[in-house]
Amino acid sequence: MDKMLSLIVPVYNEEEVLQVSFEKMDAEMKKIGYPYEIIYVNDGSRDSSMSILRRIAKDNPQVKVRSFSRNFGHQLAVTCGMDAAKGDALIIIDVDLQDPPEVIEDMVKAWENGADIAYGKRLKRKGETIFKKFTAFCYYRLLKAMSANAIPLDTGDFRLIDRKVADVFLKMREHNRFLRGMSGWMGFEAVPVEYVRNERYAGKTKYTLKKMLKLAMDGIIGFSDRPLTLCTGFGAATLAIAGLGLVALIVLACCAAHFPAWLWAIDGVVALQAMTFLFLGIQGSYMNRMYDELKARPLYIVAEDLNLE
Ligand code: UDP
Ligand code: MG
């Protein structure tokens, strides 16, 4: 039987773009040729997005819609789309046409050639503020430096994932989700598909600064233990310095050299402070392990089995 594709499109107050976006994406999916479904997840829109979706779904059986009771945020809307998808490959794309639908064909080709994940890598971002470009540039690099697993640079959620990757996503039910980090953590055969990110077709960004900061924090906190354990090294280094200071003071005292007595007190304060940092870091390591248990991610992920039932 022919393989099927699922297109997952999160929607939040997008009445200006929905109709055009549907026409372009639908035409692209028809061109690619596989049977397909388009799953819109209405993330609590307060404009007429839902009535537009009702109309589109009425005339197009390939269109499926799930509507949230309120705004849960983009990452959860995409997760909901993944839960509902039936396809052999899932494609996650923004509704505002910033992710060009033409790129889907390249992603599908990469998938046909064996890729499990074909992720869109932004060569350029058009029509975005210098502030957004600069903060995104710095953030992706900071995240890469802080996290143990490879999270590709300049990559958003626009990607194709094979069914086996989607099934792992279904098992990962952590609440504060950072999908591109989860995808990087999983591994698999991931290939970049380069593209130029367009301007928004119409309307304004729905990612407020607050939502962006939350996402940025989810990326760091979910995929790096550095913030919790950072002070261990600092505490150890400071304690070593205080230890050297103590040795120096003892030598001076033994040589009957004159030095101010408050140097003893200073050394003691530095040593105590260092120990506080050290133990904070050690506590952090315990918290980190508890956090890992709570996230309850799969222990390992199998990409292929040979001669196993
Ligand atoms: N979106 C969503 N819920 C939100 C915010 C955004 O479902 O709370 C959707 C939005 O409709 C779009 C995608 O997520 O399809 C990306 O949002 P947007 O284009 O506003 O973000 P930007 O491209 O400016 O980062
Ligand atoms: Mg956008």
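For the numbers below, each heavy atom of this structure counts, side chains included, while hydrogens, waters and symmetry mates do not. Small disclaimer: the values here were computed from a predicted structure and weren't measured. Counting starts at 1 for both ligands and their atoms, following the listed order.
Remark: the Gln98 side chain and the Arg125 side chain contain no N/O donor-acceptor pair separated by less than 3.5 Å. No side-chain donor-acceptor contact under 3.5 Å links Thr155 and Arg122. For the residue pair Ser49/Asp47, the side-chain donor-acceptor check at 3.5 Å is satisfied.
Taking the six-membered ring where the residue is Trp, the centroids of Tyr207 and His74 are separated by under 6.0 Å.
Close N/O approach between Pro10 and ligand 1 is found [any backbone or side-chain N/O within under 3.5 Å]. Considering backbone and side-chain atoms alike, Lys204 places every N or O at 3.5 Å or more from each N or O of ligand 1. For ligand 1, the polar-atom distance check finds no N/O of Gly73 at less than 3.5 Å from any of the ligand's N/O atoms. Some N or O of Arg197 is nearer than 3.5 Å to an N or O of ligand 1, by distance alone.
Close contacts of ligand 1 with Lys206, meaning ligand atoms under 4.0 Å from a residue heavy atom, involve 5 (C), 6 (C), 18 (P), 20 (O). The atoms of ligand 1 that sit less than 4.0 Å from any heavy atom of Asn71 are 3 (N), 4 (C), 8 (O). Each of the following atoms of ligand 1 lies closer than 4.0 Å to a heavy atom of Lys211: 4 (C), 8 (O). The ligand atoms of ligand 1 that sit less than 4.0 angstrom from a heavy atom of Asp96 are 19 (O), 23 (O).
Listed by chain and number, the protein N, O or S atoms at a distance under 2.8 Å from the Mg ion (ligand 2) are Asp96 OD2, Gln98 OE1.
What sits closest to atom 13 (C) of ligand 1 on the protein, heavy atoms only, is Asp94 OD1, 3.5 Å. Summary of contacts: the protein heavy atom closest to atom 10 (C) of ligand 1 is Glu14 OE2, 3.2 Å. Asp43 OD2, 2.6 Å is the protein heavy atom nearest to atom 3 (N) of ligand 1. Tyr12 CB, 3.7 Å is the protein heavy atom nearest to atom 1 (N) of ligand 1. Protein heavy atom at the shortest distance from atom 18 (P) of ligand 1 is Arg200 NH2, 3.5 Å. The closest protein non-hydrogen atom to atom 23 (O) of ligand 1 is Gln98 OE1, 2.6 Å. In this structure, the protein non-hydrogen atom closest to atom 25 (O) of ligand 1 is Lys132 NZ, 2.8 Å. Among protein heavy atoms, atom 21 (O) of ligand 1 sits closest to Tyr207 CD1, 3.4 Å.
Classification of Glu105 and Lys31 as a salt-bridged pair holds, one side-chain N sitting under 4.0 Å from a carboxylate O. With respect to the salt-bridge test (charged N to carboxylate O, under 4.0 angstrom), the residues Asp96 and Arg200 qualify. For the pair Arg289 and Asp292, the salt-bridge criterion is not met [side-chain N within less than 4.0 Å of a carboxylate O]. Ion pairing between a basic and an acidic side chain is recognised when a charged N comes within 4.0 Å of a carboxylate O; Arg66 and Asp43 show no such pairing. Note on Glu14 versus Lys206: salt bridge recorded, some NZ/NE/NH1/NH2 to OD/OE distance being below 4.0 Å. With respect to the salt-bridge test (charged N to carboxylate O, under 4.0 angstrom), the residues Glu112 and Lys109 do not qualify. Salt bridge status for Asp94 with Arg197: present, with a side-chain N to carboxylate O gap under 4.0 Å. Using a 4.0 Å cut-off between a side-chain N of Lys or Arg and a carboxylate O of Asp or Glu, Lys171 and Asp167 do not qualify as a salt bridge. Salt-bridge annotation for Arg180 and Asp157: present, with a side-chain N of the basic residue lying under 4.0 Å from a carboxylate O of the acidic one.
Not one N or O on the side chain of Asp116 forms a donor-acceptor pair closer than 3.5 Å with the backbone of Phe188.
In this structure, Met212 does not count as a contact residue of ligand 1, since none of its heavy atoms falls inside 4.0 Å of the ligand.
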